[in-house]
Amino acid sequence: MSTEIKSHLIDLLTQSLARVAPQSAASVIALERPKQAAHGDWACNVAMQLAKPLKRNPRELAQALIAGLPASPWLAGAEIAGPGFINLRLKPEAKLDAVRRVLAAGAQYGRAGGGRGRPILVEFVSANPTGPLHVGHGRQAALGDAISALLEAQNWKVTREFYYNDAGVQIDNLALSVQARAREQRGETGNFPESGYHGEYIREIAADYLAQGGDPADLAAVRRFAVAALRREQDEDLKAFGVKFDNYYLESSLYTEGKVEATVSALTASGKTYEQDGALWLRTTDYGDDKDRVMRKSDGSHTYFVPDVAYHVTKWQRGYTHAVNIQGSDHHGTVARVRAGLQALSTVTGVGIPRDYPAYVLHKMVTVMRGGEEVKLSKRAGSYVTVRDLIDEVGRDAVRFFLVSRKADTEFVFDIDLAKSQTEDNPVYYVQYAHARICSVLAQAAADATALAAAELAPLVHPRELALAQRLAEFPELLAEAAGDFAPHMVAFYLRELAGEFHSYYNAERVLVDDKSLRLARLALILAVRQVLQNGLALLGVSAPQKM
RNA sequence: GUGCCCGUAGCUCAAUUGGAUAGAGCACCAGCCUUCUAAGCUGGGGGUUGUGGGUUCGAUCCCCGCCGGGCACGCCA
């Protein structure tokens, strides 16, 4: 394994360090991959870090460490460089070993066991059932699904959950909006609410409601109908996007099951609450919030913050000692509140919820551009662009790939023209094209996969071939890091680079050469590249087409 | 005004968590298809990392102050 090679190298350095500087033998030695090929395959900065405590010159120390390295079948050489880096160079066999490992592991290649099968709850989208999903939800769906897949690849037992806000005033608003449209369609006065929902879809729902014999005066029935209709619509949006949830948690159930009241009682018992101006407040400032928060309004109803806390208590109680929430950064204010609420409860129940529970990934807004102009409207939703609009126009693969291709905390400019382009450059097609090209070559070679897995790799001597093998070796490390940082964009960038190196190689060298052993070795290499492209694209929810 | 986030090539973005000469793609210029898919490849120019200090062997990264942008500051969600 590359991790075995890496730990092997660390072991060599550790042994050397024990001889050279016994007093620092316990130091942790880290290896990193240098940016420049001239700096070898692995680099170590331990000499610079220990120079000060040992009061030795870093270059001199590095030289001593190199001299003290035991012999190794993998290591081709070690050099001192720059201010005191130790650059390690691997033998070709050590690099090519990655190809064999990829072919042996197949779809499992890159997976690791860091999660140890522990449960983790990933909450995302969590849209109100008041309209079709917008592009912000799309970013969240793409991020959440990819993060979930990354965690699964590290052996976490992931539950994808959608928190359904079906209890608040926004639902009342929805019901009133639909009711007004229904009345209008009957030629009556609608009394459309001040802060109602104006989208065309409201009229459609009203018409459907009337068509199946609904009575506009029955607000509860209108409400049920509208919520069901929008829930169905959002499900279809998600289905079109290829995102599946394991569980939908209904906010309304927190009320019907008494969990909201229970949370209020528990918080009151915590001694962290007080009455003021006829309302019940929680001293969230004791836990880092910038002001205290109202739990129960003077009219007796609760603020949304209480069911939010109650909901997160259920996450913990359901056994999810790890949880990630993916949310728009416009909701960042809730982070401190929810955590404060959980901490206050923790003091009562003694359950010991960690201070940083749950973890958050906050993403910024998405701006959609077409022809250099910002697109703000959709036909059905009116005031915003829907995920469906985007999928219909540029395709699911492009939308998913694009939306995870940037760090979550940067504002996102979604260029429709770029996403649609099939003749210019488009990162999605670039990666998929590499996959399709390999499929084509393999089909012509009619090669047997098991034979290739056993192929002799020694004929692979070109720098491009060794570089490709090295790139494949990095994949497991990359996935572990991307999962740890909840950062699927790293996978997108990796795939872009891997595809780029493959395309270069493809143009420079012919795979189907007459020399049989070379041909087999090259087929094995590109088969391994194809496998990693597939594995990576699968994590992002993007297809890997055989033909393009 | 207060809090959080962001600021990197003309544009869109990376940068191995403090490492070596800050990298890709687009756009621009010049080349490559009678050989495995040209949705591809090769080469070229392009930077005071918003700015001023500080911390140290070393800062795009950490600390402080400014400038600019976004979001949030409700007994709304």
Side-chain angles (χ1 to χ4, degrees), chain A residues 30-36 38-39 43 45 48-49 51-52 57-58 81-85 87 128 130 165 167-171 173 195 251 276-281 289-291 293-305 307-308 328-336 362 364-365 369 372 402 405-407 409-415 418 421-434 436-445 474 477-478 481 484-485 489-490 492-493 496-497 499-500 502-513 519 522-523 526 547-548:
Chain A
L31 289 183
E32 58 189 19
R33 292 182 184 276
K35 291 177 201 164
Q36 296 178 50
H39 293 150
N45 62 4
M48 290 179 292
Q49 286 175 338
K52 198 165 194 178
N57 177 296
F85 286 100
N87 292 339
N128 295 335
T130 55
N165 289 111
V169 292
Q170 77 279 4
I171 300 298
N173 231 328
S195 50
E251 181 187 6
Q276 187 181 306
D277 306 327
L280 182 66
W281 297 69
D289 202 359
D290 47 9
K291 59 173 78 164
R293 304 292 167 179
V294 170
M295 294 165 55
R296 194 176 56 230
K297 302 182 241 177
S298 48
D299 68 2
S301 66
H302 298 108
T303 57
Y304 76 98
F305 151 71
D308 253 17
S329 64
D330 54 335
H331 286 79
H332 74 257
T334 67
V335 176
L362 300 178
K364 299 225 170 154
M365 299 294 105
M369 303 288 285
F402 269 58
S405 65
R406 307 221 166 111
K407 281 186 294 197
D409 59 7
T410 59
E411 283 163 49
F412 196 106
V413 178
F414 193 106
D415 184 338
L418 177 62
S421 81
Q422 300 197 0
T423 50
E424 300 284 319
D425 91 296
N426 183 329
V428 195
Y429 292 120
Y430 185 85
V431 175
Q432 290 181 323
Y433 184 49
R437 268 183 152 176
I438 295 173
C439 288
S440 174
V441 177
L442 289 169
Q444 285 172 61
E474 288 173 27
E477 304 158 24
L478 172 100
E481 193 178 347
D485 289 354
H489 77 277
M490 295 176 71
F493 276 90
R496 182 74 179 69
E497 281 167 22
F502 167 74
H503 285 309
S504 293
Y505 175 60
Y506 180 90
N507 268 64
E509 304 295 336
R510 194 177 164 79
V511 175
L512 300 177
V513 291
R519 174 188 172 111
R522 287 185 171 170
L523 283 168
I526 66 167
K547 284 184 184 171
M548 288 177 74

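Just so it is clear, the structure is predicted and the values come from calculations on it, not from any experiment. Naming convention: chains lettered A, B, ... in sequence-line order (proteins, then strands); numbering from 1 in each chain.
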Among B:G19, B:C75, B:A39, the nucleotide that comes nearest once only the side chain of A:Y433 is considered: B:A39

Whole-angstrom distance between B:U8 and B:A24, as gauged at atom C1':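 These two C1' atoms come out 13 Å apart once rounded.
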
A:K291 side chain near B:G74 phosphate (N/O to OP1/OP2, under 4.0 Å):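 Yes, because at least one side-chain N or O of A:K291 sits under 4.0 Å from OP1 or OP2 of B:G74.
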
Shortest side-chain distance from A:N45, nucleotide among B:A20, B:G19, B:C36: B:G19

Minimal non-hydrogen separation, A:T303 against A:V294, with atom names: OG1-O, 2.7 Å

Closest-nucleotide ordering on RNA chain B, the 5'-leading residue of A:V513 and A:G82: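 Result of the comparison: A:G82.
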
Contact under 4.0 Å: A:K35 side-chain N or O vs B:A20 OP1/OP2: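 Answer is yes, contact under 4.0 Å.
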
side-chain N/O A:Y430 vs B:A24 OP1/OP2, d < 4.0 Å: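 Indeed not, no polar side-chain atom of A:Y430 lies that close.
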
Sugar-phosphate, base or nothing in reach of A:V413, heavy atoms under 4.0 Å: sugar-phosphate

Quiz item: A:D290 side-chain donor-acceptor pair to B:G3 base, under 3.5 Å: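 Side chain to base: no pair present.
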
Heavy-atom pair of closest approach, residues A:K297 and A:H302: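 Smallest heavy-atom distance, with atoms named: CE-O, 3.6 Å.
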
Candidates B:U37, B:A14, B:U35 - which lies nearest the side chain of A:R510: B:U35

Any A:T303 side-chain N or O less than 4.0 Å from OP1/OP2 of B:C76: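 Indeed not, no polar side-chain atom of A:T303 lies that close.
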
Whether A:F502 and A:Y506 hold their rings parallel, tilted or perpendicular, with breakpoints at 30° and 60°: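 Plane angle between 30° and 60°, so tilted.
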
B:C64 versus B:G23 - spacing of their C1' atoms, nearest Å: 30 Å

Whole-Å C1' distance, B:U51 and B:U60: 14 Å

Under 4.0 angstrom between A:R437 side-chain N/O and B:A38 OP1 or OP2: yes

B:G18 OP1/OP2 closer than 4.0 Å to side-chain N/O of A:Q49: no

Sugar-phosphate only, base, or nothing, as touched by A:A81 at under 4.0 Å among non-hydrogen atoms: base

Nucleotide nearest A:V169 when distance is taken to its side chain, options B:C75, B:C76, B:G40: B:C76

Sugar-phosphate, base or nothing in reach of A:D415, heavy atoms under 4.0 Å: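 Counting heavy atoms under 4.0 Å across all strands, no contact is made by A:D415.
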
Sugar-phosphate only, base, or nothing, as touched by A:A43 at under 4.0 Å among non-hydrogen atoms: base

Sugar-phosphate, base or nothing in reach of A:K407, heavy atoms under 4.0 Å: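 Sugar-phosphate contact only.
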
A:F85-B:G19 aromatic stacking (under 5.5 Å, under 30°):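 The ring of A:F85 is not stacked on B:G19.
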
Side chain of A:R406 - closest among B:C36, B:C41, B:C13: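 Of the options given, the side chain of A:R406 lies nearest B:C13.
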
A:N87 (side chain) and B:A20 (base): donor-acceptor pair under 3.5 Å: yes

Touch class at under 4.0 angstrom, heavy-atom based, for A:H332 against every strand present: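 Touches a base.
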
Among B:G69, B:G25, B:G19, the nucleotide that comes nearest once only the side chain of A:E411 is considered: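 Given the options B:G69, B:G25, B:G19, the side chain of A:E411 is closest to B:G69.
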
N/O (side chain, A:K297) to phosphate O (OP1/OP2, B:G74) under 4.0 Å: no

Strand partner of B:G7, provided both Watson-Crick or wobble distances fall under 3.5 Å: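 Check on B:G7: paired to B:C67, both distances under 3.5 Å.
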
5' priority, RNA chain B, between A:D409 and A:S440 [closest heavy atom]: A:D409

Below 4.0 Å: OP1/OP2 of B:A24 and any side-chain N or O of A:H489: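 No, A:H489 has no side-chain N/O under 4.0 Å of OP1/OP2 on B:A24.
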
Pair assignment for B:A24, Watson-Crick or G-U wobble, requiring both distances under 3.5 Å: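 Its partner is B:U12.
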
Base-pairing mate for B:C32 - Watson-Crick or G-U, with both contacts under 3.5 Å: B:G40

Sugar-phosphate, base or nothing in reach of A:F305, heavy atoms under 4.0 Å: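 Nothing: the residue A:F305, judged by heavy atoms under 4.0 Å, touches no strand.
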
